[in-house]
Amino acid sequence: YRWGDEGEYFQFAYEKYHNILSANHLLREIDSIETLKHNISNGELSFLFDKRSNGIIEELFIIIPERYGVELLEILDEDNAKKFIDEYLKSLIWRKESSISLDVTKRMINEYVIEKKRYFYDLLNILLIIAPIEEHPLNANFFHEYLSKFKMAVRDYFWVECIYKDTNYSNGILTNIVKLTHKQKKAYSKETKKLISILLSWSLASTNNTYRDEAVRTLVAIFENELDIAEYIIKKFSSVCDGYVKEGIYCAAYGAVMRSQDIQGAEQLVVTVYNDIFNKEEVYPHIIVRSHARGIIEFLGNSIIVPTIDK
């Protein structure tokens, strides 16, 4: 995939198509997992794993789970499995959603990926690509669940570095998502917009102010005239312990409220904002977040009849 002044386009290399045909040909007579295991361990397929770089193996990581319902990493012995982690990670982008078992994938990640920093950062980049895909087991909902379980100090150690590396270039994954969303927002389903919003909200932890401003503008564009998505994101991030992320989300929500002509869902948004920031024993301490929250409540309060909230 490429993005340039002339527009966006996809490029297919003949070599990759050759690898797909070769992988399918090699598997043509294998009709069971047991036969597959035998062919890989000491049969007709074993020669493929003698070389570290082999495009056919990358295709096998895609085709085998889809056809036989088992991960190639599970079949390989430990030494061979560790040699082909790159191919496994790349396959996650191309595979059918139904071929990915979340439990098995978590086990593979914990067993082979987490132990090496390079593989871990490759995984994070792949999750950025997968994040907007509806019904994918590793989409933004999975990513949100993963990042939410860490305290901010631990999460920033790896996540901020990942964002920095990605947004430091004009063709980074997050930057491309921002560009595409501005251009194609109307073509996206509500669920896709929610998934993109989750990803961009997490990316607001970025120290790249230029990218962060663009991400906030993109969230404003998504939330505009769809205040229910803003309410959904505020509720989803209510327990996330990162004031910088929360500040960006509330800034985007306030901007969307100011720009929206369609204010359906406004009442629920007001209630959610009030409960998230003010209706607590200790009011949220971030003054900019409080200012945005108050602006949302007061602006909508003057625009529509909303539930009474004591000032």
Side-chain angles (χ1 to χ4, degrees), residues 131-132 140-141 143-145 147-152 155-156 159 178 181-182 185 188-206 209 212-311:
N141 288 317
F143 208 17
H144 178 81
E145 181 183 346
L147 292 177
S148 295
K149 71 181 184 180
F150 295 103
K151 293 183 178 179
M152 186 173 71
R155 181 173 58 241
D156 282 357
W159 177 230
V178 165
T181 302
H182 273 294
K185 182 190 71 167
Y188 293 159
S189 69
K190 187 176 289 289
E191 181 61 26
T192 296
K193 291 175 184 176
K194 286 181 178 180
L195 293 171
I196 292 173
S197 297
I198 292 170
L199 177 61
L200 294 185
S201 294
W202 275 115
S203 76
L204 295 174
S206 175
N209 288 332
R212 192 172 184 274
D213 289 346
E214 288 300 319
V216 170
R217 291 189 186 99
T218 304
L219 286 172
V220 172
I222 294 173
F223 296 163
E224 184 179 348
N225 294 318
E226 295 192 76
L227 298 182
D228 58 320
I229 299 180
E231 190 268 338
Y232 169 82
I233 293 298
I234 288 173
K235 187 176 289 185
K236 199 168 186 70
F237 281 78
S238 61
S239 60
V240 171
C241 55
D242 191 328
Y244 204 41
V245 168
K246 204 147 189 151
E247 176 192 325
I249 292 172
Y250 270 87
C251 178
Y254 192 16
V257 164
M258 299 284 286
R259 293 169 60 88
S260 292
Q261 300 297 314
D262 182 351
I263 55 174
Q264 287 187 25
E267 292 188 21
Q268 188 57 49
L269 175 60
V270 167
V271 172
T272 297
V273 168
Y274 177 69
N275 288 334
D276 186 40
I277 303 300
F278 301 109
N279 191 24
K280 296 181 177 180
E281 187 172 328
E282 180 182 353
V283 174
Y284 195 78
H286 196 306
I287 191 168
I288 298 177
V289 174
R290 293 205 310 269
S291 176
H292 292 327
R294 178 178 176 176
I296 291 169
I297 293 171
E298 290 186 345
F299 184 86
L300 290 177
N302 291 326
S303 302
I304 59 172
I305 299 174
V306 298
T308 302
I309 294 174
D310 294 332
K311 295 183 179 180

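These numbers were taken from a predicted model, which means no experiment stands behind them.
The line from OG of Ser291 to CD1 of Ile288 is 8.0 Å long, rounded to the nearest 0.5 Å. Here the SG atom belonging to Cys241 is positioned 10.0 Å from the NZ atom belonging to Lys246, to the nearest 0.5 angstrom. Between the CG atom in Leu204 and the CG atom in Leu219 there is a gap of 6.0 Å [rounded to 0.5 Å]. With rounding to the nearest 0.5 angstrom, the CD1 atom of Ile222 is 5.5 Å from the CG atom of Leu200. Atom CZ of residue Arg294 and atom CZ of residue Phe278 lie 8.0 Å apart, to the nearest 0.5 angstrom. Taking CD1 of Ile297 as the reference point, atom CG of Asn302 lies at 12.0 Å (rounded to 0.5 Å).
Around atom NZ of Lys151, no more than 12 heavy atoms belonging to other residues, nucleotides or ligands sit under 6.0 Å away. Environment of CD in Gln264: sparse, with no more than 12 heavy atoms of neighbouring residues, nucleotides or ligands closer than 6.0 Å.
The two residues Asn209 and Tyr244 make their nearest non-hydrogen contact at OD1-OH, 3.4 Å. Nearest heavy atom pair, residue Leu195 against residue Ala131, reads CB-O, 3.6 Å. Minimum heavy-atom separation, Pro132 to Ile196: CB-CG1, 3.8 Å. The minimum heavy-atom distance linking Lys280 with Asn275 is given by the pair CE-O, 3.5 Å. In terms of heavy-atom proximity, Phe223 sits nearest to Ser260 at O-OG, 4.3 Å. The nearest pair of heavy atoms linking Ser197 to Ile233 is CB-CD1, 3.6 Å.
Listed by first and then second residue, the salt bridge (charged side-chain N to carboxylate O under 4.0 Å, His left out) pairs that reach into residues 232-243 are Glu231-Lys235, sequence neighbours excluded.
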field: Steps toward side chain to side chain contact (heavy atoms under 4.5 Å, CB included) verdict (Lys190, Asp228)
entry: CA-CA 10 Å; Lys190 187 176 289 289; Asp228 58 320; 3.1 Å; yes

task: List the steps and the verdict of side chain to side chain contact (heavy atoms under 4.5 Å, CB included) for Leu269 and Ile234.
output: CA-CA 9 Å; Leu269 175 60; Ile234 288 173; 3.9 Å; yes

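Checked by atom type and distance alone, the side chain of Arg259 never pairs as donor or acceptor with a backbone atom of Val220 at under 3.5 Å. Although no hydrogens or angles enter the test, the distance criterion places no donor-acceptor pair under 3.5 Å between the side chain of Lys194 and the main chain of Ile229. Using modelled atom types, one side-chain atom of Asn225 and one backbone atom of Asp262 make a donor-acceptor pair closer than 3.5 Å. A donor-acceptor pair is defined here as one N or O able to donate and one able to accept, closer than 3.5 Å; no such pair exists between the side chain of Arg212 and the backbone of Ala205.
When side chains are defined from C-beta on, Leu199 counts as touching Phe143, because their heavy atoms get closer than 4.5 Å. Annotation: side chain of Leu147 is not in contact with side chain of Val240 (no heavy-atom distance under 4.5 Å). In this structure, Tyr232 and Ile198 have side chains that are in contact, with non-hydrogen atoms separated by less than 4.5 Å. The side-chain heavy atoms of His292 and Val289, taken from C-beta on, include no pair separated by under 4.5 Å.
When only modelled atom types and interatomic distance are considered, Tyr250 and Asp276 share a side-chain donor-acceptor pair under 3.5 Å. In the model, Ser189 has a side-chain atom that pairs as donor or acceptor with a side-chain atom of Thr192 under 3.5 Å. Looking only at atom types and distance, the side chain of Glu247 has a donor-acceptor partner in the side chain of His286 under 3.5 Å away.
With Tyr188 as the aromatic partner, Lys193 does not meet the cation-pi criteria of under 6.0 angstrom to the ring centre and within 45 degrees of the ring axis.
Ring-centre distance between Trp202 and Phe237: below the 6.0 Å cut-off.
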